[in-house]
4 protein chains.
Amino acid sequence: MSSEREPVLRADARRNRDRIVTAAKECFASHGADVPVEEIARTAGVGVGTLYRRFPDRGALIRAVARDSFSRALVEARAAVEEEATAWQALVRFLRQSSELQLSVRLAMASPLARSIIKDDPSTEQSRRAMLGLLGDVVRMAQAEGSLRPDIGAGDVAMVFVLLLRQVPIPREESAQVAGERCLAIMLDGLRARSATPLPARPLSGADLGL
Amino acid sequence: MSSEREPVLRADARRNRDRIVTAAKECFASHGADVPVEEIARTAGVGVGTLYRRFPDRGALIRAVARDSFSRALVEARAAVEEEATAWQALVRFLRQSSELQLSVRLAMASPLARSIIKDDPSTEQSRRAMLGLLGDVVRMAQAEGSLRPDIGAGDVAMVFVLLLRQVPIPREESAQVAGERCLAIMLDGLRARSATPLPARPLSGADLGL
Amino acid sequence: MSSEREPVLRADARRNRDRIVTAAKECFASHGADVPVEEIARTAGVGVGTLYRRFPDRGALIRAVARDSFSRALVEARAAVEEEATAWQALVRFLRQSSELQLSVRLAMASPLARSIIKDDPSTEQSRRAMLGLLGDVVRMAQAEGSLRPDIGAGDVAMVFVLLLRQVPIPREESAQVAGERCLAIMLDGLRARSATPLPARPLSGADLGL
Amino acid sequence: MSSEREPVLRADARRNRDRIVTAAKECFASHGADVPVEEIARTAGVGVGTLYRRFPDRGALIRAVARDSFSRALVEARAAVEEEATAWQALVRFLRQSSELQLSVRLAMASPLARSIIKDDPSTEQSRRAMLGLLGDVVRMAQAEGSLRPDIGAGDVAMVFVLLLRQVPIPREESAQVAGERCLAIMLDGLRARSATPLPARPLSGADLGL
DNA sequence: TATGAATGAGTTTTCATTCAT
DNA sequence: AATGAATGAAAACTCATTCAT
């Protein structure tokens with residue numbers, strides 16, 4: 001679902017493009033945003049030239065990965081809203097299954113360069129907006145059903161969302177799993193309607209966060 | 001409080017060393033963990049040669065920055081425990097004033113290399129342990145005074161701590177301030193004793209997280 | 001009049017070939033002898049594959065351009081000899097209308113590679129010889145009619161010819177026109193029979209110049 | 001005599017810089033304007049890094065070579081004016097000893113890129129202007145002494161000058177020598193006062209040629 | 001000791017040429 | 001036969017690290 005100016009690629013070229021984006025995701029995740037382009041090419045099983053034909057520089061690759069991740073996350077978010085019985089359940093699933101975004105966001109934080117590249121990309125921007133809109137709906141519905149504290153805005157949820165995204169890499173697999181769940185549970189408890197301590201200032205919108 | 005094998009430097013050499021560490025912090029923060037060594041030297045106002053005399057390689061610099069940040073954070077944590085009236089207050093201050101650690105932790109996440117360097121440094125390790133011990137004390141005290149939910153361990157608090165560290169860079173200054181406060185408040189609500197929903201698994205220790 | 005082993009091409013293939021040679025001329029002229037093959041293909045409106053089918057490598061293209069230019073120049077030279085009333089007039093027209101050769105010669109000078117390619121091409125070589133023979137005739141005739149100084153050989157005229165070819169690119173169109181004419185006039189004055197100062201050494205033949 | 005922003009280099013650095021410029025001249029002359037940077041470095045006996053420290057890209061190198069050549073040519077031109085007995089003699093020496101400029105000019109013509117780089121360089125521009133002024137003086141003096149035809153301007157001489165610069169590379173050494181001399185002699189005959197055929201239009205100034 | 005010049009290995013990037021569609 | 005995608009060798013360029021001044 002990534003689109004740069006795609007003039008409809010030949011089937012094989014399309015396949016290669018996808019393999020490259022996938023490889024870039026993996027490489028960025030495991031070796032950081034500065035992994036040699038050649039390593040990405042090797043992982044994708046193509047020559048560097050092929051990679052450069054599609055992505056003129058590292059920035060284009062970062063953009064493509066971000067677009068891909070964001071658009072997938074959006075798809076998932078929509079599914080959550082549709083399939084879950086209550087708004088609160090949708091919110092929980094939303095927060096829990098944020099993994100699709102993990103990579104790009106981690107990437108985004110990693111280098112100032114990547115950050116600015118992603119920030120300036122209209123396509124990613126669009127996904128971000130759409131997601132924010134969806135989030136706003138869910139927030140309102142959850143507050144209407146009385147599960148979410150009322151002094152909360154979509155921006156606040158987005159922040160929690162982003163915080164959860166950036167899970168610390170924890171050595172032991174099982175611990176990581178548990179830690180993630182507990183963290184989420186603590187956050188959810190902080191978001192629940194009952195028994196909340198009043199928050200400072202007013203509910204944040206996405207705009208407040210520059211989202 | 002940074003120590004590599006510090007043979008007590010002459011006053012001016014000492015000054016140089018400090019300027020370099022400070023410059024490195026700034027550069028890492030603004031240009032990422034891969035800023036050219038030369039840029040750091042320029043920022044510090046010294047030649048690369050001088051920098052290399054003190055820090056044989058990039059790893060040494062990263063280590064020094066991490067040590068510096070961790071030790072400052074430790075000092076601050078001790079002050080919090082000493083000066084605050086209740087354990088809960090200490091915890092709040094602890095979580096709120098985590099800024100000193102922000103840079104190194106962000107750095108730590110940025111590149112896998114930096115991560116391993118920091119992980120393997122005994123001096124940072126020591127600060128980390130000390131801080132974890134302190135945190136354990138405060139957790140127990142806060143639970144004893146009934147302010148902190150009982151199904152929480154020092155590891156859980158550490159995770160929340162780290163999460164808060166990685167605040168998203170938010171464009172508008174005021175929003176960033178407010179957002180940070182609200183996020184903290186939500187988390188604190190999630191940590192409060194009253195009205196908590198049971199958490200999954202058991203309380204996490206620092207060891208669980210590899211800390 | 002270009003021939004490599006031309007097995008008589010189909011009309012459309014022929015058209016393609018010509019478009020490529022023309023495009024190559026343009027590209028060489030505007031971007032130098034090192035313009036990417038792909039740019040030439042794009043200018044010609046064909047794919048690289050098509051270009052490579054006709055011209056196995058850059059050398060073949062250079063050769064083709066040179067052949068084309070030389071053969072056109074030869075045609076023009078013959079017309080000059082036939083149509084002008086006096087040998088001097090033929091010489092003047094010869095020198096003035098050298099533009100057809102401009103490109104290839106500029107190209108020839110541009111890169112040592114191109115130089116050697118052109119030098120070794122039998123077809124271009126043949127045109128060169130024919131032109132030199134023609135030039136020798138005209139020189140003799142002009143000297144016989146008393147218009148050209150006697151201490152001049154075909155080689156000398158060729159040199160002047162080449163010199164005039166390499167007109168400096170002059171910004172303003174009108175100036176360029178005038179400058180060219182004046183330059184030519186000065187040279188012609190230097191070549192005239194009357195009043196010439198004796199030249200050093202002996203008349204040069206084409207062979208002297210490696211032509 | 002080349003200057004870019006030279007903050008006074010250390011003696012050894014200066015020496016290296018000069019070696020690089022010299023090597024570049026040689027390499028450009030023998031292998032064209034596209035000779036690999038590494039070859040230039042090797043010829044100069046330095047590492048590529050050293051070359052890139054001084055000259056951030058090929059353009060800087062081209063500029064430096066052009067500056068060097070132009071400024072040397074200027075020095076030579078001044079000497080000619082000072083040391084020769086008559087203006088005509090100065091002019092002859094001027095035209096004959098143009099060799100200093102040969103390389104840069106040939107280079108300048110070779111690639112459109114190089115051409116624009118040289119054209120836009122203020123330092124070279126300055127040398128060009130100075131030389132043009134000098135030429136104007138000599139032209140006036142020579143016309144006053146009755147040796148140079150009166151319908152000639154500094155621009156015309158400059159054109160002849162440039163034409164002579166671009167001597168074709170002639171295979172045999174001795175022929176090249178002779179050919180150059182004869183060419184010069186023919187041109188001089190064309191420039192002489194006596195017996196000249198009126199030239200078209202009016203004397204050209206440097207401005208007319210965009211010089 | 002401080003400085004910044006030199007080095008060259010590692011990366012990025014381009015482009016001639018081949019080949020599948 | 002035409003096209004343009006893929007390839008990889010070659011060239012450009014960067015920067016960590018060493019060393020002469």
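Letters A, B, ... are given to chains in the order of the sequence lines, protein chains preceding strands, and every chain is numbered from 1.
- The partner of E/dG8 is F/dC15, judged by Watson-Crick or G-U wobble contacts that both fall below 3.5 Å.
- B/Arg42 places its CZ atom 14 Å from the C1' atom of E/dT3, with the value rounded to the nearest Å.
- Taking only side-chain nitrogens and oxygens, A/Asn16 never comes nearer than 4.0 Å to OP1 or OP2 of F/dA5.
- Closest non-hydrogen pair, D/Ile20 versus D/Ala44, comes out as CA-CB, 3.9 Å.
- The residue D/Val48 sits close to a base: some heavy atom pair falls under 4.0 Å.
- Of the nucleotides present, none pairs with F/dA1 by Watson-Crick or G-U wobble criteria with both distances under 3.5 Å.
- Side-chain atoms of C/Arg58 come within 3.5 Å of backbone N or O of C/Ala33 as a donor-acceptor pair.
- Each of C/Arg53 and A/Gly47 has a nearest nucleotide on DNA chain F; the 5'-most of these lies closest to C/Arg53.
- For the pair A/Phe55 CZ and F/dA6 P, the interatomic distance rounds to 11 Å; values are reported in whole Å.
- Remark: D/Thr50 is not in phosphate contact with E/dA5, judged by side-chain N or O atoms under 4.0 Å from OP1 or OP2.
- Projected onto DNA chain F by closest heavy-atom contact, D/Pro36 and C/Glu38 fall at different nucleotides, the more 5' of which corresponds to C/Glu38.
- Here the straight-line distance linking atom CD of D/Glu39 with atom SG of D/Cys27 works out to 5.0 Å at 0.5 Å rounding.
- Set against E/dA16, E/dT7, F/dC13, the side chain of D/Val46 has E/dT7 as its closest nucleotide.
- Nearer to the 5' terminus of DNA chain E, by closest-nucleotide assignment, is the contact made by A/Tyr52 (compared with the other of A/Arg15 and A/Tyr52).
- Look at C/Arg54 and you'll find a side-chain N or O under 4.0 angstrom from OP1 or OP2 of F/dA2.
- No donor-acceptor pair under 3.5 Å is formed between the side chain of A/Ser69 and the backbone N or O of A/Ala66.
- The nearest heavy atom of DNA chain E to D/Gly49 and to A/Val37 marks one nucleotide each, and the one closer to the 5' end goes with D/Gly49.
- Distance OG/B/Ser127 to CD/B/Glu125: 9.5 Å, rounded to 0.5 Å.
- Among F/dT3, E/dA6, E/dT13, the nucleotide with an atom closest to any side-chain atom of A/Asp57 is E/dT13.
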